[in-house]
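Notes to accompany the following structure.
The shown structure was predicted, so the numbers you read here are calculated from the model rather than taken from an experiment. Per chain, numbering begins at 1; letters A, B, ... match sequence-line order.
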There are 2 protein chains.
Amino acid sequence: MNDRPLAVTLGDPAGVGAEVIIGAWKALRAAGPRFVAVGDAATLAAAGGRDAPVRPVQSPAAAGAVFADALPVVDKPLSAPVMPGAPSPVAAPQIAQWIEAAVAFALSGAVCGVVTAPIAKQALHGAGFAFPGHTEFIGALTAARPFAGVRGPVMMLAAGDLRVSLATIHEPFAKVPGLLSVERIVETGRVTAEALVRDFGVERPRLAIAGLNPHAGEGGTLGDEEIRIVGPAVEALRALGVDARGPSPADSLFHEAARATYDAVVCLYHDQGLIPIKMLDFWGGVNVTLGLPIVRTSPDHGTAFDIAGRGLARPDSMIAAIVLAKDIADRRARA
Amino acid sequence: MNDRPLAVTLGDPAGVGAEVIIGAWKALRAAGPRFVAVGDAATLAAAGGRDAPVRPVQSPAAAGAVFADALPVVDKPLSAPVMPGAPSPVAAPQIAQWIEAAVAFALSGAVCGVVTAPIAKQALHGAGFAFPGHTEFIGALTAARPFAGVRGPVMMLAAGDLRVSLATIHEPFAKVPGLLSVERIVETGRVTAEALVRDFGVERPRLAIAGLNPHAGEGGTLGDEEIRIVGPAVEALRALGVDARGPSPADSLFHEAARATYDAVVCLYHDQGLIPIKMLDFWGGVNVTLGLPIVRTSPDHGTAFDIAGRGLARPDSMIAAIVLAKDIADRRARA
C-alpha cells in the first residue's frame with residue numbers, strides 16, 4: 001500500500017500555481033489524494049487567505065497528519081516577494097530549486113510522485129536554466145537512477161478518453177520535419193506502450209501512429225515523410241512486438257469511434273496532439289511524463305500571468321494531475 | 001424565390017459517390033432540396049437498385065417534376081463500365097466533363113448551385129487533369145464570370161457550430177511555412193469575411209486567425225511566423241475593416257467556449273482545420289468553396305474506394321452539403 005503523499009511544486013510564483021494548488025487542496029482535503037506543496041509558503045498563504053490555511057512542515061512525512069486541516073508546505077522562501085501577474089527573474093533560482101527538491105523527495109521515496117505547477121520558460125532561460133521545460137529538466141535530474149524499461153522522458157497528454165504522446169514537443173513548426181526520424185518515433189512508441197502497461201494498467205496496448213501530411217501523404221503525393229519515416233517506424237515497432245498501426249491521417253484519428261480503436265496516439269508535433277486534447281477537455285487535461293523512474297504529472301495549462309491572482313484560474317487540471325499521479329504511483333507500488 | 005434544382009456530380013464512379021447520392025435522394029425526395037445528378041446513369045441505377053429508380057432528363061429544368069418519384073440524371077455515359085472499388089483511368093475524361101457540365105449549368109442559371117461527389121486526384125492527374133482538386137478546377141471554370149467581391153476560391157469546412165477557412169490546403173507539411181505570406185492570409189480572411197455576410201447571413205463577422213507554431217510561437221521563442229507573417233496579416237485585415245483577432249494558439253481555439261467568440265477561423269494548414277472539424281462531426285462535415293460566382297459545396301470525405309459498393313458509406317455529409325448549398329443559393333437569390 002502507498003501511504004506517501006505527492007509533492008506539488010509551486011511553479012512560477014507570479015502565475016496561477018498558488019491558486020490552483022489552493023483550489024486542489026480544498027477539493028481534495030477530505031478524501032485525498034494527499035500532497036505537500038514545495039515552494040514559497042508566503043505566496044501560498046496569500047493565495048489561500050482565511051479559507052485555506054497553509055502550514056509549513058519539515059518533511060513530507062509530516063504532511064499526512066496536517067492535510068485535512070491545512071495545506072502542508074515544505075517552505076523554501078523566495079528571496080524577494082513576487083506579485084501575481086508580474087513575473088520576476090529574481091525568482092528563477094527558487095523555481096528551479098523547488099523542482100529539484102520535489103524530485104529529490106521522489107527519488108528518496110519521501111513522496112510517491114511529483115506534480116508541477118506551470119513555469120514560464122522564457123524567464124527561466126534568462127536566468128540560465130538550460131532545459132526546454134520541466135519534462136527535460138526532470139529527465140536530467142533522474143538520469144542517474146536505474147529504470148527497468150525504455151527510458152523517456154516522453155510527454156503524454158491525457159483528457160477524457162484520449163491519450164497522446166508527442167514525438168516532438170515545443171518545436172517551431174518549420175523544424176518538425178527535420179527532427180522526425182524512425183528512431184525518434186520508435187522510441188516514443190516503445191516508451192508509450194510500456195507506460196500504458198506499467199502506469200495505466202492497459203494489458204495489451206494498441207498504438208495509433210499519426211501521419212504528418214494531409215491525408216497521411218496520400219501515397220506520397222502530399223509529402224513523403226509517411227513513406228520515408230513514419231511507415232518504417234510503424235514496421236519497426238511491430239517487429240518489436242508493439243501493436244502499432246499507421247501512419248493514419250490525423251484528421252480521422254480523433255472522433256469518438258476512432259478513439260475506441262486504440263489506447264494512445266503517437267503524434268508528431270505539438271498541435272496535432274494538443275488540439276484534440278483541448279477540444280475534449282479544455283480545463284481538465286493532464287500532462288504525464290512517461291519513461292522516468294519517478295512519477296510526474298502536471299496541469300496542461302501555462303502560468304496564465306494575465307489572470308493570475310484574480311481568482312479566475314480553474315483548478316480542474318491540477319486536480320486531475322494530482323489524481324492521475326496518485327493512480328500511477330499506486331499502480332507502480334503494487335507491481 | 002429560387003426554384004431551380006442543384007446539380008450533384010457523380011465524382012469518381014469507382015468511389016462512394018453513387019451510393020451517397022442515392023442515400024441523399026432517399027432522404028430528400030419528399031421535402032427537398034431537389035437536385036439533378038450529373039454523371040453516368042447506369043452507375044447510379046446500379047447503386048439505386050429497386051429502391052431508388054433513376055430517370056434520365058434532358059435538362060435540369062425537367063428535374064423538379066421527377067424528383068419525388070425518381071432520381072433525375074443528366075446522363076453523360078462512361079465509355080466503359082467502372083466497378084465500385086476499382087478506379088480506372090479511362091473514366092477520367094468523363095469525371096472532368098461532369099464537373100464542367102454542372103458548372104456550366106450553374107453559370108447559365110439552369111441550376112442554383114453545384115455539389116460535387118469526391119474524386120481521386122491521383123487518377124485524374126494521370127489523365128492530364130492539371131488541377132490540385134475540385135476547388136481550383138471550379139475556380140478556373142468560373143474565372144471569366146464577373147464577381148462582385150474578393151475572388152477565391154477559398155476552401156471552408158463547416159461542421160456543427162464551427163467554420164474554418166484554409167490558407168493552404170493540400171500541401172505537404174514541410175512546404176507550409178514557405179507558402180504562407182501576409183497577402184495569402186489577408187486574401188483568405190477577406191474572402192471568408194465577405195462570404196460570411198453574403199452566404200451565411202452573418203452581419204458582423206468575427207474572424208479568429210490561428211498561429212502556426214506551438215503556443216502561437218510564445219513571443220518568437222518557438223517560431224517567428226506569428227511575428228513576421230500572421231500578426232501583420234491580422235493588422236492588415238483590421239486596417240481593411242475586418243474584425244480579425246490573433247494569431248491565437250491553435251490548441252486554444254476550438255473548444256466550445258472559444259467557438260462562441262468567432263464566426264470562422266482562418267487556419268494555416270490542412271490538419272489544423274480538419275482535426276477540429278472531424279472531431280465535431282466526423283460524418284456530416286461540409287466543404288464550401290468561397291469567393292466564386294457560383295455556389296459550390298461537397299462532402300468532406302473522399303472516394304473511399306475501400307468500402308465503395310458495399311452499402312457502408314453514410315450519406316450524412318452529402319445531405320449536409322446539399323442542404324447548405326441550397327441555403328447559400330437562396331440567400332444569394334434574395335440579395
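At a 4.5 Å heavy-atom cutoff, the contact between A:I169 and chain B is made by backbone atoms alone. Proximity to chain B is limited to the side chain of A:E225, based on heavy atoms less than 4.5 angstrom apart.
Taking 4.5 Å as the limit, every side-chain heavy atom of A:Q272 sits out of range of all side-chain heavy atoms of B:Q272. Under the 4.5 Å side-chain criterion, counting only non-hydrogen atoms from C-beta, B:F282 is in contact with A:S252. Residues A:M279 and B:L280 form a side-chain contact, since some pair of their non-hydrogen atoms from C-beta on lies under 4.5 Å apart.
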Practice problem: Given side chain to side chain contact (heavy atoms under 4.5 Å, CB included), test A:L222 with B:E171 step by step and report yes or no. | Solution: CA-CA 6 Å; A:L222 301 178; B:E171 302 291 349; over 6 Å; no
Quiz prompt | Stepwise side chain to side chain contact (heavy atoms under 4.5 Å, CB included) check, A:H255 with B:K278 | solution = CA-CA 7 Å; A:H255 60 288; B:K278 296 212 169 189; 5.6 Å; no
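Aromatic ring orientation, A:Y269 versus B:F173: tilted (interplanar angle from 30° to 60°).
Contact record, A:N213 with B:D271: O-OD2, 4.0 Å, taken as the closest heavy-atom pair. Between B:P276 and A:I275, the shortest heavy-atom distance links the atoms CD-CG2, 4.0 Å.
The candidate with the highest count of non-hydrogen atom pairs below 4.5 Å against chain B, out of A:G178, A:G302, A:A258, A:P214, is A:P214. Contact count against chain A (heavy-atom pairs under 4.5 Å) is highest for B:A250 among B:G223, B:G217, B:A250.
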